[in-house]
Amino acid sequence: MRLTPTQMAWRAAQDIEDGAYVNLGIGLPEKVAQFQPPGRQAIFHTENGVLGFGEAPPAGQEDWDLINAGKKAVTIKPGTAFFHHADSFAMVRGGHLDVAILGAYEVAETGDLANWSTGPRGVPAVGGAMDLVHGAKRVAVMMDHVTKDGKPKLLHRCTLPLTGVGCVTRIYSSHAVIDIVQGSFVLREKLAGLTLEALQAMTGATLHTDGPVADLIAPEL
Amino acid sequence: MRLTPTQMAWRAAQDIEDGAYVNLGIGLPEKVAQFQPPGRQAIFHTENGVLGFGEAPPAGQEDWDLINAGKKAVTIKPGTAFFHHADSFAMVRGGHLDVAILGAYEVAETGDLANWSTGPRGVPAVGGAMDLVHGAKRVAVMMDHVTKDGKPKLLHRCTLPLTGVGCVTRIYSSHAVIDIVQGSFVLREKLAGLTLEALQAMTGATLHTDGPVADLIAPEL
Amino acid sequence: MDKTLPDLASAVAGIEDGMSVMIGGFGGSGSPIELIHALIDRFLATGHPKNLTVVNNNAGNGHVGLAALIEAGMVAKLICSFPRSADPVVFTERYQAGEIALELVPQGTLAERIRAGGAGIPAFYTPTSYGTDLAAGKPVEEFDGRPYVQERWLKADYALVKAHRGDRLGNLTYRMAARNFGPLMCMAAKTAIVQVSAVVEPGAIDPEAVVTPGIFVQGVVEVANPVQEEDLNRANARYPEAAA
Amino acid sequence: MDKTLPDLASAVAGIEDGMSVMIGGFGGSGSPIELIHALIDRFLATGHPKNLTVVNNNAGNGHVGLAALIEAGMVAKLICSFPRSADPVVFTERYQAGEIALELVPQGTLAERIRAGGAGIPAFYTPTSYGTDLAAGKPVEEFDGRPYVQERWLKADYALVKAHRGDRLGNLTYRMAARNFGPLMCMAAKTAIVQVSAVVEPGAIDPEAVVTPGIFVQGVVEVANPVQEEDLNRANARYPEAAA
C-alpha cells in the first residue's frame, strides 16, 4: 500500500495555484507538470535560463539548444523567455518562484534537506539544488516514505550531507502529506488504510497533528 | 597663456587609442569625442545604458529615450547596444573601460580626486563619478591648473570631499600634462613659454620629471 | 494568467502610506510619468499615500513627474545618486527646508544594490566610494590586497516602471536608453507595476528579446502614447495643472 | 575595429599552460565544441596548453568537447556544479584516480561568482550552501536575522563561448537556452573568444536585442554549422577520431 511515484506527482500538482511560478527538480518531480488541475496553468522555470517552456517535443524533433535542467529537450510556447544563468538564479535566490519541488534522500523535522550526496564515495554533484531550497516561497519534496529496506527517510535529524538547513515546508511522500511547522512534522494526509501508529513506525521523528488528518487519495495513474 | 577648454579636450583626445572603450564625464570632457585623431575610432559608453552611440541629433529631432549621462540627446549608429544600469556599471566597475576622462575640482599627487562636492552647502550629487574612478584602466582628468583666483588645484592632498582614493593616472590641465606615478606628479608636457619654475609655483605639490618634458601644443580651435 | 490592469488608477491603488517605491527612469528617459501622476491624483483625492520613500536616480526636474510627487508633499525620503537637474527647484527647496530626507548613493552602487535586492544577495563589496564620505560607517574589507566597501541590498514595496511592450504574462521590452533602472526595479520590488506603450499577446515578443521576464512583473497597464518629461518641461508644464 | 578572427586555430592560440579557461554551455547546450576541439588539436600538435583550470557547469559527456579536453590530459582542475552526465566516464575516472582536482560550486553561486568577476564585485553573500559541506571554511555573516555565506568572484584568463550571431564589434546574440553561462563568462574573462554561427555587420543586430555588448568580447570566429554535443554522443563520436 503506497502511492506510486506518478501518484505522488499527481498529488503534488494539486497544490499548485493557477499562475504559480514553479521549478521542478530533475527526475521524479518533472512528472508534476503532467498533472496540472483543469483550469490552472503554472509557469515552469528551468535553471538553465527558460521561463514558461512547453512540453517535450516528439522524438527526432529535439533542438538541443532548447533543453531543461535535466538536459531533456523541451519546447517554447507563447510567452516563453530566455535569459542567462545569473538572471535565472536571481529568480531563484531572490524568492520569485512560488514553488520548488525537489527529490530527497532524507528530510528532518527541522526542515533540513539532504538530496545531493550519499557520502564521500563517488563523484559529488550539486547542481542548482542548494540554490533552489533557498529560493521558492514553498519548498516541497517528493520522496518515498522509507528506504528500499524499510528504514525511515523522514528523520529527527539528517544523517547525509545537507542541501539546506530549515528549508523544506511540505513533504509529499509515498504514504502521507506532511508539513514542517516550527521544527515539527505535522501530518495533513495519510493513506486511508494506514493507521497513525503504523505511519509513525515508518517515520524517524514524531508526527504531530493540529487538526483533522485527511485521507491521501490519488487516482489510478 | 593657457589652453582653452576645447584645446584641453583636443589634447586628451590624442591619447585615446583606436578601438578604445571610453567614458567621458558630463560637461567639459564630452568635448573630447569631437577630436578623435584621423583613423582612430573610440567606442563611447554612457552610464545610462548605451555603448557605441553617435553624435547629437539636429535640434528638433531629439528622441528623449536616447540620451547620455548628461541628459543630452544622442543617436545610435551601427553596432550600438542598449543595456540596463547594472550591466552598465558592470562595464565600469569590472574594469572593461579603457579610459575615463572626468572633470576635477582638485587632484592630489596621491591620485586622489575631488570632483563631486564643494562642501556641506547646497545639495550633494555624485552620479556615477565614484564608480568611474574605479572602473577604467586609465582614469584621466581635464581641469584648469589653478582656480579662478589663481590658487593651485593640483595639490599635495585634496581639501574637498574625495571622489576616490589613488585613482587618477593622468592630468590634462590648462598648462601641462602630468602623470601620477607612485604618489608623485611627473611632468610630461608643459606650455612652451612656461618655465618649470613658473609651473611649479602654480602647483600645490612637487613636480617631478623622469625624462624630457615635451612642449604642450594644441591647434587653435 | 493575466497581469494587465484596466487603468492607471487601479495600477497605483495598492500603494500605502510609508511604503518604499522604486521609480524607473534616468532623468526623463524611462520615467513613468503617467503612473506618477495617477499616484498624485490619488493623493489629492484621498490624502494617501504619503510619507513615501522613493528610489530613483534623480530628484525630478521642473514641476511634473517625480518633481510633482515631491511638490505634492508625498515623499518623506529620497534615495538617489544625482538630485540635480536643469530645474531642480522642487527638491532643492524641500531638502534645504529639511522637509525631505536624502540618501545619496553612487549610481553604480545604487544599480547594484537594487539588483542585489532582486537577486537575493543581501550584501556585496564594491571599490566604489572607498575612502569617501559616502562610505562613512560602512564595513570595509580587503580582498586581494585592495579595500572594498560593503553595501546592502535595496528592496521596495512597489516599483513603478515604464517599458515599451508588455504581454499578459508580464514579459517586457524597453525602448533604447529608457531601459536604465527598469529591469532592476522590477526584480527588487514586491509588486512591480509597469506602464507599456502596447500590451501584446504572449508570443508577440521574441523570447530572445524579452528584457524583463514576466516573473518579475505583477501588473501591466497600457499607456499608448506616453508623455516625455523633457517635452513637458520645455512647455513649462506643471502637474496638476491647477497648481500653475 | 574588427574583432573577427580568421580561424579556430588562431582563436585559441593565446591560451597558455596553467591558465584558467571558462567554457560556456550547460551540458551540450551552448558548448563551444569547435573551439574546444581546436584547443585539443593544438595540444596534440604542440603539447600545449596543459594544466588548465576549467570552469564549466558540468564535466563533459561522452568523449567529445569538454570530456575530450579532459581525456586529452589538458585539465588540472575543474570548477563546476554538476560533474555528472549520461556518460561521465572520462571525468569520473580521472577524478577517482586523483588526476584532476574538483571545486564543486552550487550552480547559482557559480553563475553569480562569474558575474561578480565581470562586474568588479570581489565578494557577495548568498543564502545558498549555508550549513552545508560546501560552505566549509567560508565566512558567514548575518543580515536581517538570517545567515549568509560569503562567496568570492571568479575570473579567468580566457572564455570560450558559443553564441549565435556576432558583429565585428563583438556584439552577440545567443540561441534559446544555449545562452546560459555565455554572457557571464564573456564578462569575467580577460579574453573572451566567441564562436558564432554567423558574423554580421555592425547594425545587423538590433541594439535592443544585443545580449552581450561588444565591450565584453575580444575575439569572434565564425563556425557556420556548429555541431551539437548531443548529436555527437548519440553517434558515439570521439575526438580526435583517431583515438577511437
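Here is how names work: the chains are called A, B, and so on, in the same order as the sequence lines, proteins then strands, and each is numbered from 1.
For Q150(D), the part lying under 4.5 angstrom from a heavy atom of chain C is the side chain only. Residue contact with chain D, scored on non-hydrogen atoms closer than 4.5 Å, involves the side chain of E112(C) exclusively.
For the residue pair Y174(C) and T212(C), a side-chain donor N or O sits within less than 3.5 Å of a side-chain acceptor on the partner.
The greatest number of non-hydrogen atom pairs below 4.5 Å with chain D, out of R146(C), H164(C), R179(C), is found for R179(C). Chosen from P122(C), P207(C), A209(C), the residue pairing most often with chain D at heavy-atom distances under 4.5 Å is P122(C). Chosen from T173(D), V210(D), V211(D), D144(D), the residue pairing most often with chain C at heavy-atom distances under 4.5 Å is D144(D).
Contact detail for E34(D) and V227(D): the closest heavy-atom pair is OE2-N, 2.7 Å. The minimum heavy-atom distance between I36(C) and S31(C), with the atom names listed, is CD1-OG, 3.9 Å.
Side chains of L66(D) and N58(D) form no contact here, defined as non-hydrogen atoms less than 4.5 Å apart.
Taking the six-membered ring where the residue is Trp, the centroids of F143(D) and Y125(D) are separated by under 6.0 Å.
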